[in-house]
Number of protein chains: 2
Amino acid sequence: MKLSELFREKGVQEHYKKGQHIFRQGDENVNLYFVQSGFLKAYYLSNDGKEQVKSFITPNSVMGSLVSCYAKGKCSFSLASIEAATLIKLPFSYLLKHSQENLLLANQLQSLLLDLAMKKEKREYEFLCLPAEQRYLQLQNDTPELFTKATQNDIAHYLGITHVALSRIKKRLSSNSSAL
Amino acid sequence: MKLSELFREKGVQEHYKKGQHIFRQGDENVNLYFVQSGFLKAYYLSNDGKEQVKSFITPNSVMGSLVSCYAKGKCSFSLASIEAATLIKLPFSYLLKHSQENLLLANQLQSLLLDLAMKKEKREYEFLCLPAEQRYLQLQNDTPELFTKATQNDIAHYLGITHVALSRIKKRLSSNSSAL
DNA sequence: TCACTTTGTTAACCCAGGTTAATGAAGGAG
DNA sequence: CTCCTTCATTAACCTGGGTTAACAAAGTGA
């Protein structure tokens, strides 16, 4: 059995309107979600009530709170749709159980996790080694489609800055490039 | 077969002196390392030659460059010992191959990856949502033993700041606490 | 149509942290 | 012991980004 089959056969399709939440920080949510269509953002609310964007989620990816799914904690972030979305919901335990008796599935979960780990490693690198301006350029390069869907505010919070700082960066970049 | 057995039976023990490198950024290194003893740091050299610490590695953990092991790229960071260390080296492909036919091993690799993913998620959260001072306090809380082994410089670079800024933070904290 | 909300830009002011450099303490190596 | 290197602290100066607020543009709804 393949992962996609498991989602198709055992998962439940759900529709979300723009701006709706799939789950909220503090919830217990033990599901994985496969994104069929739409556009999501995962974000943290910090202690002082400020929003910081953990990641944007595009179609054909799998999303969920590992801490809640796997470590039986509460979701450390919220998941909401930026664009009307269709998801397939599947309890993580279901996948875990099947992966304990099905090698193909176990290996698919493995490569999912390996890809996730490498993505997170990249983000860690960017926060450690690149200034905000460079992170902005990287993002433009890596996922240009994001700029048509997310607000400047969300993009800034993904980069770890405010929308005011992002606006300044854009101005700086445009004046530099025109000066060349 | 368990993961620990695989390391014990198929791995090669290696000894490193303080300050020695296990691999360097740009190398191809397809091994996983199990840390028997010692203390390591993984660090990036950014374009302008500055060092940033990706992570500290304590005994009983497994370390390696996923990008090099799994994605067949070059190591994106260097791995060096801070304290004399004994490691067991095992090609990642070996683990991957066996995990494709051995469920127990596949599930152990899985939980290794899940733990890694959660650790990285925590770090991402800290960079996004916490100021340097808070990150410092967290680190003190999470791994106090680190402060006896790593230099202020390494700790600062792990926090994403310079050792000068770290010194200022410490001063700020000590004067605040004495004022209470 | 007009009112209201959301979004993006810009300015003014402030502060945390970067940079550079001086100083001192600690620890080898000879 | 002396020299030299590594490590930590501190000061002076500068800059990028946070904060607040004003303003304009673009939706959105009644």
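So that the names make sense, note that chain A is the first sequence line, chain B the second, and so on, each numbered from 1.
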To the nearest Å, give me how far apart [atom1] ([X]) and [atom2] ([N]) are.
{"X": "A:L159", "N": "D:dG18", "atom1": "CG", "atom2": "P", "value": "10 Å"}
{"X": "B:N153", "N": "C:dG17", "atom1": "CG", "atom2": "C1'", "value": "15 Å"}
{"X": "A:L166", "N": "D:dT19", "atom1": "CG", "atom2": "C1'", "value": "16 Å"}
{"X": "A:K50", "N": "D:dG17", "atom1": "NZ", "atom2": "P", "value": "17 Å"}
{"X": "B:I161", "N": "D:dG17", "atom1": "CD1", "atom2": "C1'", "value": "16 Å"}
{"X": "B:R135", "N": "C:dG17", "atom1": "CZ", "atom2": "P", "value": "8 Å"}
{"X": "B:H157", "N": "D:dA8", "atom1": "NE2", "atom2": "C1'", "value": "13 Å"}
{"X": "B:Y136", "N": "C:dA16", "atom1": "OH", "atom2": "P", "value": "17 Å"}

Q. Looking at B:T162, does any N or O in its side chain come under 4.0 Å of the phosphate oxygens OP1/OP2 on C:dG18?
A. yes
Q: State whether the number of non-hydrogen atoms from other residues, nucleotides or ligands found under 6.0 Å of A:N47 atom CG is greater than 12.
A: no
Could you measure the distance from the [atom1] atom of [X] to the [atom2] atom of [Y]? Nearest 0.5 Å is fine.
{"X": "B:K2", "Y": "B:Q108", "atom1": "NZ", "atom2": "CD", "answer": "7.0 Å"}
{"X": "B:L66", "Y": "B:L116", "atom1": "CG", "atom2": "CG", "answer": "6.5 Å"}
{"X": "A:K74", "Y": "A:S68", "atom1": "NZ", "atom2": "OG", "answer": "9.0 Å"}

Which nucleotide in [options] has an atom nearest any side-chain atom of [X]:
{"X": "A:K171", "options": "C:dT19, C:dG8, C:dA11", "answer": "C:dA11"}
{"X": "B:R168", "options": "D:dG18, C:dG18, D:dT20", "answer": "C:dG18"}
{"X": "B:S167", "options": "D:dT9, C:dT10, D:dA8", "answer": "D:dT9"}
{"X": "B:R172", "options": "C:dA16, C:dT9, D:dG17", "answer": "C:dA16"}
{"X": "B:A165", "options": "D:dG17, D:dT9, C:dG18", "answer": "C:dG18"}
{"X": "A:V164", "options": "C:dG8, C:dT10, D:dC7", "answer": "C:dT10"}

Q.
Between B:T151 and B:N153, is there a side-chain donor-acceptor contact under 3.5 Å, judged purely by atom types and distance?
A. no
(Q) Applying a 4.0 Å non-hydrogen cut-off, can you work out what B:G160 is touching in the nucleic acid: base, sugar-phosphate, or nothing? (A) sugar-phosphate
